[in-house]
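Structure record follows, encoded as structure tokens.
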2 protein chains.
Amino acid sequence: MARAKAEKPYHHGELREALVAAGRKLLEEKGLRGFTLRECARRAQVSHAAPAHHFASIDDLLAEIATRGYHDLTAAMTAEARRSGGDAAARLVGQGVGYMAFAAANPVLFQLMFSREANHFETPALAAAAKSAYHLHREAVEAVIPQASGDVKERMVDFAWAAVHGFITLVLEGQLGERDSPRALKARGLAALSAMVEAVVRAGGGGR
Amino acid sequence: MARAKAEKPYHHGELREALVAAGRKLLEEKGLRGFTLRECARRAQVSHAAPAHHFASIDDLLAEIATRGYHDLTAAMTAEARRSGGDAAARLVGQGVGYMAFAAANPVLFQLMFSREANHFETPALAAAAKSAYHLHREAVEAVIPQASGDVKERMVDFAWAAVHGFITLVLEGQLGERDSPRALKARGLAALSAMVEAVVRAGGGGR
DNA sequence: TATTTTATCTTGTCAACGACAAGATTGGAG
DNA sequence: CTCCAATCTTGTCGTTGACAAGATAAAATA
């Protein structure tokens with residue numbers, strides 16, 4: 001009850017956060033093409049020009065939203081990996097599950113994060129957040145094949161990420177499993193994940 | 001010299017085609033967010049309202065462009081598969097190469113085709129073109145593992161597509177191999193492809 | 001405490017956009 | 001030759017992102 005919404009606050013006080021929150025919701029509701037600064041301002045109860053004092057342009061707001069998305073993504077991956085116990089392969093699967101779960105819960109944001117446009121408004125914070133998620137994945141893959149050569153490791157990092165990312169991307173776009181139940185879809189995702197891990201293990205010298 | 005551009009043609013004659021061509025170029029130049037109907041009209045040398053007689057809305061034009069993209073994609077996949085000889089596994093790799101080559105040559109269009117927005121302006125022609133590309137892929141995968149069960153086949157179709165699509169998607173967004181030479185990048189793509197095919201063969205019972 | 005500074009938010013404006021309406025031009029059907 | 005229908009034009013509307021200039025209130029200073 002400290003500085004909440006009494007009637008109509010003088011200066012709002014937390015516009016930046018409000019804009020990010022409203023923007024994130026708007027993004028999921030209307031898609032990237034339906035996303036407008038003015039609607040964000042409207043939802044935050046401020047005038048159309050107020051956001052300019054916190055974000056230089058609409059791309060700046062999108063960059064901030066994408067950056068937070070990466071933070072949430074790494075959090076989801078970490079949490080799900082931890083739940084999956086100590087085995088390296090199981091943790092890799094768990095991280096993949098976390099990755100897919102985040103994407104499924106935030107489809108438009110996920111598409112924004114990995115869109116070509118996102119590369120255009122590249123802020124340092126966005127690049128750092130993306131790199132952080134990448135390293136998380138890289139380490140999980142390398143832990144599965146610790147004895148493999150650096151080259152094989154690199155290729156398996158590529159391959160594992162591609163399989164996970166490709167699967168959930170195709171699902172989100174409606175190309176894969178459009179008429180499956182959520183349950184069946186999750187099974188398909190897990191099948192893709194385990195096929196991926198098997199391939200990694202095998203390529204890393206752990207096969208037979 | 002039949003109905004080309006003499007001075008300023010009466011009715012243009014081929015506006016629809018001109019708009020699609022201009023739009024496709026504009027899309028690659030400016031990205032989806034920089035794509036405007038009026039700029040397409042400008043490049044086709046017509047007034048801002050002329051496109052309305054050929055496309056009901058901007059989404060209609062984008063849908064048409066995406067549809068042609070799918071046609072070109074299937075053509076690229078077919079051509080590259082044919083070049084790769086008669087072995088089913090080699091042809092699957094070839095199709096993947098064609099897939100990636102198309103995406104690399106038309107990055108923004110590719111992103112549009114597989115974007116969430118594309119699902120929104122879903123025309124019958126677009127859906128048919130997309131389904132056609134899907135079936136091409138499905139058959140190529142199934143040809144590699146003809147003796148596998150239907151369930152395994154389905155999962156390997158998922159998996160193979162996910163690996164190819166995921167890899168090229170990550171490359172296009174700059175997440176993978178951003179500072180590799182085109183040559184090195186192609187090698188990474190081929191490595192991902194062969195890891196995928198190996199996994200498919202093994203899962204399909206052709207292993208050992 | 002009183003005054004000044006500064007961040008924040010407002011209203012007002014601009015060019016560009018997508019969409020629509022109404023009128024002009026032209027190729028082809030009768 | 002006449003009329004029709006498709007095609008293209010000009011004109012307009014509401015909305016958008018960005019900018020400018022002024023108002024408000026919090027914070028810094030004296």
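What you see is a predicted model; the values in this text were computed from it and never measured.
Ring geometry for A:Phe114 versus A:Phe110: interplanar angle of 30 to 60°, hence tilted.
Comparing C:dA19, D:dC19, D:dT16 by their nearest atom to the side chain of A:Ala49 picks out D:dC19.
Rounded to a whole Å, the CD atom of A:Gln45 is 15 Å from the C1' atom of C:dT10. Across the protein-nucleic acid pair, A:His54 atom NE2 and C:dT10 atom P stand 10 Å apart, rounded to whole Å. Rounded to an integer number of Å, the gap from CG of A:Asp59 to P of D:dA18 is 7 Å. Between the NE2 atom of B:His53 and the P atom of D:dT9 there is a distance of 9 Å, rounded to whole Å. The interatomic distance linking A:Glu39 (CD) with D:dG17 (P) rounds to 10 Å, in whole Å. The interatomic distance linking A:Leu26 (CG) with D:dT16 (P) rounds to 10 Å, in whole Å. One interatomic measurement links the two molecules: CD1 of B:Ile58 to P of D:dT16, which rounds to 15 Å at whole-angstrom precision. Taking atom CG on B:Leu32 and atom C1' on C:dG18, their separation rounds to 15 Å, with Å as the unit.
Looking at heavy-atom distances under 4.0 Å, A:Arg16 makes no contact with the nucleic acid at all. At the heavy-atom level, A:Arg33 lies nowhere under 4.0 Å from the strands shown. Looking at heavy-atom distances under 4.0 Å, B:Thr36 makes contact with sugar-phosphate atoms alone, never a base.
A salt bridge links A:Arg16 with A:Glu64; the closest basic N to acidic carboxylate O contact falls under 4.0 Å. A salt bridge does not link A:Glu29 to A:Arg24: none of the charged side-chain nitrogens sits closer than 4.0 Å to a carboxylate oxygen. The pair B:Asp72-B:Arg68 does not count as a salt bridge, with every side-chain nitrogen at least 4.0 angstrom from each carboxylate oxygen.
Taking the ring centroids of B:Tyr134 and B:Trp161, they lie under the 6.0 Å cut-off.
If A:His48 and B:Arg38 are placed on DNA chain C by their nearest nucleotide, the residue sitting closer to the 5' end is A:His48. Nearest-nucleotide mapping onto DNA chain D: of A:Leu37 and B:Pro51, the residue sitting toward the 5' end is B:Pro51.
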